[in-house]
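Below you'll find the structure, written out as structure tokens, and then a few comments.
In what follows, residues are counted from 1 in the order of the sequence shown.
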Amino acid sequence: MSEVVTHARPFESIGFVERESKDGKQLHFKCGRDFIYFCLNFYLPETFNPHALTPVEIDRQHLFGIPVPKYLAWTQLQFLYLPNYLASKKLSLFINNRKIESYFSFVFGNLFSRISYEEAMASIEHCVRQNTACAIDIPIRKIGPALLDHVLFVHGFDAENLYVCDTLTVPDLEYQKINQSVHYYKLSRSVIRKNWSIFGRVWRVE
């Protein structure tokens, strides 16, 4: 069995939350927000946790940007204030090693930064070993001309898998839930490789 390498913060201390619902259906296009929540919980657990500042409360207070309906998610306005907000916490976001310092650099980083699968895995492993919060942003499928992707906080890895945190279960993503009480999954590297494209990304907050 492969050695599992994880962040220094134990699994039991992660502030898991459930994706909010409307009219009985869980909301979509909130994975980037939820990843940033996990990062803030990772670095500032006394403030960002299921009993205080949750992703729902973050949206309510417009801390990261302007919450938009799912058909406007492509505008990324929900992250309009994110770089400045993270800076106020002495944190910075990087997408594919590009530092995000403004809303426009966030949009540019998402659309035009490139990283290979091999570089992505090496970056993830380095982050986990250095105890830096990170995510794998994996393309899933196309909906018309649009590409559906999903951002997942990475808690650990072994030779075959990444161990990731989520706030819901994505049917299109081939990952295996390994804790029935929270959204904690084993995501095979082979699935990541199969889905990887020029739109694959590694996010990190440090």
Can you find a side-chain donor-acceptor pair between Tyr163 and Asp158 that sits under 3.5 Å?
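Asp158 and Tyr163 do have a side-chain donor-acceptor pair below 3.5 Å.
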Any luck finding a side-chain donor-acceptor pair between His150 and Asp166 under 3.5 Å?
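Yes, because at least one side-chain N or O of His150 sits under 3.5 Å from a partner of the opposite role on Asp166.
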[Y] and [X], any side-chain heavy atoms less than 4.5 Å apart:
| X | Y | value |
| --- | --- | --- |
| Cys31 | Arg19 | yes |
| Thr167 | Tyr37 | no |
| Leu27 | Leu168 | no |
| Cys134 | Val128 | yes |
| Glu125 | Val5 | no |
| Gln130 | Glu206 | no |
| Asp59 | Arg33 | yes |
| Ile192 | Leu187 | yes |

Nearest heavy atoms of [X] and [Y], plus distance in Å:
| X | Y | value |
| --- | --- | --- |
| Asn41 | Ser13 | OD1-O, 4.1 Å |
| Trp196 | Ser116 | NE1-C, 3.5 Å |
| Arg204 | Cys127 | CD-SG, 3.8 Å |
| Ala135 | Val151 | CB-CG1, 3.7 Å |
| Ser188 | Ser190 | OG-OG, 2.6 Å |
| Leu111 | Phe199 | O-CE2, 4.0 Å |

Could you state the interatomic distance from [atom1] ([X]) to [atom2] ([Y]), rounded to the nearest 0.5 Å?
| X | Y | atom1 | atom2 | answer |
| --- | --- | --- | --- | --- |
| Asn84 | Leu63 | CG | CG | 12.5 Å |
| Lys89 | Leu40 | NZ | CG | 8.0 Å |
| Ser123 | Ile136 | OG | CD1 | 8.5 Å |
| Asp149 | Leu173 | CG | CG | 11.0 Å |
| Met121 | Arg193 | CE | CZ | 9.0 Å |
| Phe48 | Cys39 | CZ | SG | 11.0 Å |

Classify the angle between the aromatic ring planes of [X] and [Y] as parallel (below 30°), tilted (30 to 60°) or perpendicular (above 60°).
| X | Y | answer |
| --- | --- | --- |
| Phe153 | Phe35 | tilted |
| Tyr185 | His183 | parallel |
| Phe106 | Phe79 | tilted |
| Phe38 | Phe16 | perpendicular |

Is it the case that one hydrophobic cluster holds both [X] and [Y], taking links as side-chain heavy atoms less than 4.5 Å apart, direct or via other members?
| X | Y | result |
| --- | --- | --- |
| Ile95 | Phe104 | no |
| Ile14 | Leu91 | yes |
| Trp74 | Ile198 | no |
| Leu80 | Leu93 | no |
| Val154 | Tyr117 | yes |

Quick check: does any side chain N or O of [X] sit under 3.5 Å from a backbone N or O of [Y], one acting as donor and the other as acceptor?
| X | Y | value |
| --- | --- | --- |
| Asn131 | Ala8 | yes |
| Gln76 | Tyr103 | no |
| Arg201 | Ser113 | no |
| His155 | Arg9 | yes |
| Asn96 | Arg98 | no |
| Ser88 | Tyr85 | yes |
| Ser21 | Gly24 | no |

Begin from the C-alpha positions of Val191 and Tyr175 and carry the test side chain to side chain contact (heavy atoms under 4.5 Å, CB included) through to its verdict.
CA-CA 8 Å; Val191 169; Tyr175 53 5; over 6 Å; no
Can you establish whether the number of heavy atoms outside His62 located under 6.0 Å from its atom NE2 is more than 12?
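Count over threshold, so yes.
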Carefully, step by step, assess Phe64 and Leu86 under the rule side chain to side chain contact (heavy atoms under 4.5 Å, CB included).
CA-CA 9 Å; Phe64 296 169; Leu86 289 176; 5.7 Å; no
Given the rule in the side chain to side chain contact (heavy atoms under 4.5 Å, CB included) test, do Ser92 and Lys99 qualify, once you have shown the distances and angles that lead to the verdict?
CA-CA 7 Å; Ser92 296; Lys99 188 173 183 180; 3.5 Å; yes
I'd like to know whether Tyr43 forms a side chain to side chain contact (heavy atoms under 4.5 Å, CB included) with Thr132, so could you lay out the CA-CA distance, the side-chain angles of the two residues, the decisive distance to 0.1 Å, and finally the verdict.
CA-CA 9 Å; Tyr43 291 119; Thr132 299; 3.8 Å; yes
